[in-house]
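Ligands are counted one by one from 1 in listed order, and the atoms in each one are counted from 1 as well.
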Amino acid sequence: MAEERGNVAEQSAVFPPPKEFQKTAYIQSLDEYRERYERSIRDPEGYWGEVAEEFHWFKKWNQVRKWEEPWVEWFVGAETNLCYNCVDRHLNTERRHKAAIVFEGEPGDVRTLTYQQLHDEVCRVANVLKGLGLQKGDRVAVYMPMIPELAIVLLACARLGIIHSVIFGGFSAEAVRERVNDATCKAVITADGGWRRAKIVPLKETVDKALADGACPSVEKVLVFKRCGNDIPWTEGRDVWWHEAIAEASTDCPVEPLDAQHPAFILYTSGSTGKPKGVQHAVGGYMVYTAHTAKYIFDLKDTDLYWCTADIGWITGHSYIVYGPLANGATVFMYEGAPDTPNWGRFWEMIERHRITILYTAPTAIRAFIRQGNQWVTQHDLSSLRLLGTVGEPINPDAWLWYYRVVGKERCPIVDTWWQTETGGILISPLPGATPTKPGSATLPFFGVEPDVVDQDGKPVPTGEQGFLVIRQPWPGMMRTLWGDPDRYRQSYWEVIPHVYFTGDGAMRDRDGYFWILGRIDDVVNISGHRIGTAEVEHALVGHPAVAEAAVIGVPDELTGQALVCFVTLKSGYQKSDEIKGQLVEQVASVIGKFARPKEIRFTDALPKTRSGKIMRRLLRKVALRDPSLGNIDTLEDISVLAKLQADEE
Ligand code: WTA
C-alpha cells in the first residue's frame with residue numbers, strides 16, 4: 001500500500017480554498033494559520049489556556065498542562081462538565097430554541113430536538129440512571145442504534161460523571177461480553193432493535209446472549225429503549241423499559257462538577273495484540289480539544305446543519321457528532337440507517353430535504369457511491385452544501401476528485417482529517433478557508449499538534465521519504481491511559497519509539513510540509529475505516545475446532561480500502577472444504593462482528609515462520625498480492641513452506 005501511494009505527492013494538483021468559502025471562514029489564509037500554529041507550539045499552555053476560557057468551568061485550573069511522560073494532565077485542578085458545556089451553557093443564549101439534533105430514522109421518521117428539549121431529555125434520562133443506582137465513576141455499556149436517545153444517553157452519563165463505554169451496534173455478543181467485563185460495567189443501555197437495510201438489528205437479543213449464564217457478573221440493570229417494537233427476551237428484575245422509567249422522571253437534574261482528569265468515557269479499539277484496548281479520555285482536555293477542532297476544521301457556524309455519517313459507536317461519532325459540535329452550539333443531523341436504503345440516493349435526498357451544509361463521511365462510502373453511478377447524486381439539489389470532510393482511512397486521489405467535483409461542484413473545500421481513537425480529535429487536516437489541498441494528503445497539523453515522520457530510532461526521515469508518524473508533544477485531546485492497563489498504554493504509545501507518541505501509521509512529508517498518511521504499519525487492518533486487529537481475527541479463527549493455526553493479513557481492496565485474507569492450517573482429520581471456509585467466515589462474524597468478515601480464507605499446510613517461531617506476515621502479504629519479488633527469506637525456518645504457498649498460488 002505504502003509503495004503504491006509513495007509517489008502520488010509528486011504528481012498531485014493543488015486546490016486553493018474556494019473563494020466564496022474563504023470569505024466567511026474563521027481562518028482565511030495560510031499565513032493566519034501559520035501564525036496561530038507557531039504560537040500554539042511555542043506556548044502550548046498560553047494557547048490552550050486561552051481556548052479553554054471559552055468554556056464553563058466550575059473551578060479554574062491552577063496549571064494548564066502537567067507533562068511527565070507518558071502521563072499528561074490538562075487543566076490541572078479545574079472542574080467542569082461536558083454535558084453542561086454541550087447543553088446547559090446554550091440555554092441562556094439565543095440558541096435555546098435552536099435545533100440541537102435533527103434526526104431521520106431509516107423508515108423516514110423525522111424528529112428535531114432543540115437545545116431546551118435536549119436538556120430536558122438528558123435530565124430525565126440522567127434521573128433514570130440515578131434511579132437504577134448508578135453514580136459518578138460507574139461504568140455503563142451502551143449498545144444502541146443511531147437514534148437521538150444514543151446521544152442523550154452519552155450526555156446523561158456525562159452529566160453525572162458516569163463513564164460510558166459505547167459498543168458499536170455491529171459487534172457480536174462475544175465482543176459485547178468482553179468489553180462489558182473489561183470495564184466491569186454496572187449496567188447496559190440498549191434498544192429492542194434498530195433499523196438497518198429495512199431489517200431490525202436485534203440489539204437486545206445480542207445483549208442477552210452476551211450476558212447469558214452469568215457471563216457478565218457486574219451487570220445489574222439493562223435499560224431498554226423501544227425503537228422497533230420487535231419481540232425481545234426479557235429478564236424480570238434486571239431489565240427496565242426506558243419509557244416506563246422515564247415517565248415519572250423530572251426534567252431537572254443538577255450537573256456534577258467533575259475534576260478535569262475524571263474519565264469522560266472509555267472506547268475500545270483494536271491494537272496489534274489480541275485484546276481490545278480501552279482508550280480512556282479525560283473530561284477537560286477532551287472537551288476543549290474536540291470543541292476547538294470542530295469549530296475550526298468544520299468552520300461551524302450557527303447557520304450550519306452539520307452531518308457526520310459515522311456511527312456514534314466509533315470515536316468519530318463521539319467527538320464529531322456529539323461532543324465537539326454540541327459544545328459549539330451547532331445543529332447536528334443524525335441518520336439511523338444504511339446509505340443504500342431504500343436506494344443509493346438516500347444520502348443526497350436527505351441533504352436536499354434538510355438543506356445540510358456540511359458533510360463528513362468516509363472514503364469507503366465515497367467509493368461505494370462512485371460505483372453506483374453519478375446519477376444518484378446529480379439528480380438532487382446539493383446547493384446547500386458548503387464543506388466536505390473525510391475520515392477513517394487514506395482517501396485515494398480519484399475518490400477525492402469525484403467528491404470534490406460531483407458532490408461539491410468545486411465550490412466546497414474538502415477536509416481530509418487524520419486522527420485516531422486515542423487522539424480524541426483531529427490532529428492533521430486542512431483548515432477549509434486557509435489550506436490549499438492536495439487530493440490524498442491530510443495536509444498540515446492542527447494547532448498545538450507537532451507531528452513528525454521518523455525512523456525506528458526516532459530520527460526524522462528526509463522530505464519525501466516514508467517513515468513512522470509520531471507526535472512530539474501532548475495535545476489536550478490525547479488519551480490519558482488505557483482502562484485498567486497503564487503499562488500497555490506506556491508500552492504501546494510511548495516506548496515503541498522513545499519520547500514520542502507512536503501512532504502506528506506510516507507517513508511521508510512532502511516539500512510543502514504536507515503529510516501523506518500511508519496506512520497502518522502495525523498488525524491493525526483498516527476495513528471501511530473500521531480498525532480490526534489481525535490478532536483478534538486469528539484468535540477468532542483458532543476458536544473453530546478445525547483450525548490448528550491462523551495468520552491474518554490486510555490486503556488492499558478497491559472498495560473497503562483494506563480487506564482481510566486469512567491463511568489457515570487445519571488440524572489432522574479435517575478436510576479443506578468450502579463448507580469449512582464458510583464456517584470460518586461466520587466464526588469471525590460471530591466472535592467479532594459482521595463488519596470484520598474476511599474477504600478470503602486460504603488453506604495452507606504450514607505457515608512461514610522465522611527461526612524463533614514468528615509468523616512472517618510480510619511474506620504472506622506478498623503471497624496474497626502475488627508479488628514475485630519475495631524478498632529475503634533467509635530467516636524462514638522452512639523455505640519449503642513458502643514454496644508450497646507459492647505453488648498453491650499457481
Ligand atoms: C486511519 C478514526 C488516512 C489511520 C478517526 C489511523 C486515516 C486509524 C485517516 C485510526 C485519514 C484515520 N487518512 N488514514 N484521514 N483517518 N485514518 O481509531 O490508520 O478508528 O491510525 O479513528 O485510521 O482509526 P480509529
Side-chain angles (χ1 to χ4, degrees), residues 1-2 4-5 8 166 168 170-171 266-272 276-279 281 289-290 293-294 297 308-321 323-324 360-367 388-397 399-400 403 414-430 435 437-446 449 451 453 468-471 477-479 482 492-493 496 501-508 514-533 554 556 560-562 595-596:
M1 182 139 201
E4 285 161 33
R5 294 175 49 83
V8 164
V166 183
F168 169 58
F171 275 112
I266 305 167
L267 183 60
Y268 286 86
T269 190
S270 294
S272 31
K277 308 195 262 200
V279 172
H281 284 287
Y289 196 74
T290 52
T293 46
I297 294 168
C308 165
T309 69
D311 192 290
I312 291 177
W314 307 108
I315 191 69
T316 305
H318 282 60
S319 302
Y320 298 111
I321 296 178
Y323 294 116
Y360 186 34
T361 193
T364 290
I366 296 168
R367 288 190 296 264
L388 305 173
T390 74
V391 61
E393 20 162 1
I395 181 163
N396 44 311
W400 194 102
Y403 199 30
I414 295 182
V415 288
D416 173 357
T417 63
W418 175 85
W419 59 297
Q420 314 178 295
T421 307
E422 295 89 335
T423 70
I426 297 163
L427 296 196
I428 303 180
S429 166
T435 317
T437 47
K438 301 182 190 181
S441 169
T443 74
L444 299 169
F446 189 71
V449 177
V453 182
F468 303 107
L469 180 65
V470 298
I471 316 291
M478 189 175 93
M479 69 193 301
L482 290 174
S492 323
Y493 301 102
V496 181
Y501 169 86
F502 181 73
T503 66
D505 278 329
M508 190 268 291
Y514 277 36
F515 287 85
W516 296 75
I517 314 296
L518 306 167
R520 303 291 305 196
I521 42 86
D522 53 4
D523 292 321
V524 172
V525 179
N526 191 327
I527 304 178
S528 305
H530 299 155
R531 258 167 84 167
I532 295 168
T560 57
Q562 282 188 291
F595 65 95

Quiz prompt | Protein residues having a heavy atom less than 4.0 Å from any atom of ligand 1 | solution = I315, T316, V391, G392, E393, P394, D416, T417, W418, W419, Q420, T421, D505, I517, R520, N526, R531

Self-check item: Nearest-0.5 Å distance, OG of residue S441 to CH2 of residue W418
Solution: 13.0 Å

Exercise. Indicate the ring-plane relationship of W314 and F171, choosing parallel, tilted or perpendicular according to the 30° and 60° boundaries.
Key: tilted

Quiz item: Is it true that R531 and E393 make a salt bridge, defined as a side-chain N closer than 4.0 Å to a carboxylate O?
Solution: no

Quiz item: Which residue, T293, T437, I297, forms the side-chain contact (heavy atoms from CB on, under 4.5 Å) with S429?
Solution: I297

Practice problem: Mind telling me whether F168 and H530 have parallel, tilted or perpendicular rings, with 30° and 60° as the class edges? | Solution: tilted

Quiz item: side chain to side chain contact (heavy atoms under 4.5 Å, CB included) with I521: which residues, sequence neighbours excluded?
Solution: F468, F502

